[in-house]
Amino acid sequence: MDEKHNEINELIISCLEQKADKETYDRVEQWARQSPQNERYYREMQEVFMASHLLDSIDNIQQERVWKQLLEKIKIRRKITSRLRRITRWAAAAAFVVLAYFTGSLLSDYMGSSGQHTTASTFDKQLFVVLNDGSKIWLNKDTRLTYPKDYGKKQREVYLTGEA
């Protein structure tokens, strides 16, 4: 291509992008009127320019669709992660209660030679206790429960320090 052709291409593009001044618009319009080939070339440039912008908008639509899909997948993963966290918390709490109960029972069996069971909750956790007769007690934080090993056979008497 020669320099004149390159120059007219740059002028046409600046007009199509609406970056040209009035003098450039007039010059391109005058050039297009000089011959049918020039006018046809100008129209083809307009069509190509418009088509390229249509592709841009299609790309934007496609990008928006991909973003929506990505955000939806992120939401689903967050829901799953949140559920797993809740299940893990409940399982940990249940495991703690069971472990505390068995630990308390074992300790009171081995440590309590006086014929009594002593079960105690820690300073920061509650404890669930089931007595020999099926009675169920929630010990509040930092609470101690003492009862005879033969609880429920002759009498149902317990000693509590703290809250239950």
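Below, all heavy atoms of this structure are taken into account, side chains as well, without hydrogens, waters or symmetry copies.
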Please tell me whether T143 and N140 have a donor and an acceptor in their side chains that are separated by less than 3.5 angstrom.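 Judged by distance alone, the side chains do not pair up.
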
Should the pair F128 and W138 be assigned to parallel (<30°), tilted (30 to 60°) or perpendicular (>60°) ring geometry?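 Geometry flag for W138 against F128: tilted rings.
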
I'd like to check [X] versus [Y] (side-chain heavy atoms, cut-off strictly below 4.5 Å). Are they in contact?
{"X": "E7", "Y": "R27", "answer": "yes"}
{"X": "M45", "Y": "L16", "answer": "yes"}
{"X": "Y42", "Y": "V28", "answer": "yes"}
{"X": "T161", "Y": "T146", "answer": "no"}

First locate atom CD of Q34, then atom CD of E39, and finally report the distance between them rounded to the nearest 0.5 Å.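 Those atoms lie 11.5 Å apart.
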
How far apart are the closest heavy atoms of [X] and [Y], and which atoms are they?
{"X": "Y25", "Y": "C15", "result": "OH-O, 3.4 Å"}
{"X": "A164", "Y": "I137", "result": "CB-CG2, 3.8 Å"}
{"X": "L127", "Y": "A100", "result": "CD1-CB, 3.0 Å"}

Hey, is CD on Q18 packed in by over 12 heavy atoms from elsewhere, all under 6.0 Å?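 At most 12 heavy atoms, drawn from other residues, nucleotides or ligands, come within 6.0 Å of this atom.
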
Taking L160 as the starting point, is it possible to reach V129 by hopping between hydrophobic residues whose side chains are less than 4.5 Å apart?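 Yes; L160 is reachable from V129 via cluster members.
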
Working note: R43 + Q46, criterion side-chain hydrogen bond (donor to acceptor under 3.5 Å, both in side chains); need CA distance, chi angles, decisive distance, verdict. CA-CA 5 Å; R43 297 286 173 236; Q46 282 180 320; 2.9 Å; yes

Donor-acceptor contact present, side-chain S135 to main-chain L131, <3.5 Å: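 Checking the backbone N and O of L131 against the side chain of S135, no donor-acceptor pair under 3.5 Å is found.
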
Please evaluate residues V97 and L99 with respect to the criterion side-chain contact (heavy atoms from CB on, under 4.5 Å), reporting the C-alpha separation (whole Å), side-chain torsions for both, the decisive distance (0.1 Å), and the verdict. CA-CA 5 Å; V97 168; L99 181 65; over 6 Å; no

For W31 and L11, run side-chain contact (heavy atoms from CB on, under 4.5 Å): C-alpha distance rounded to whole Å, both residues' side-chain angles, the deciding distance at 0.1 Å, then the answer. CA-CA 10 Å; W31 173 85; L11 294 174; over 6 Å; no

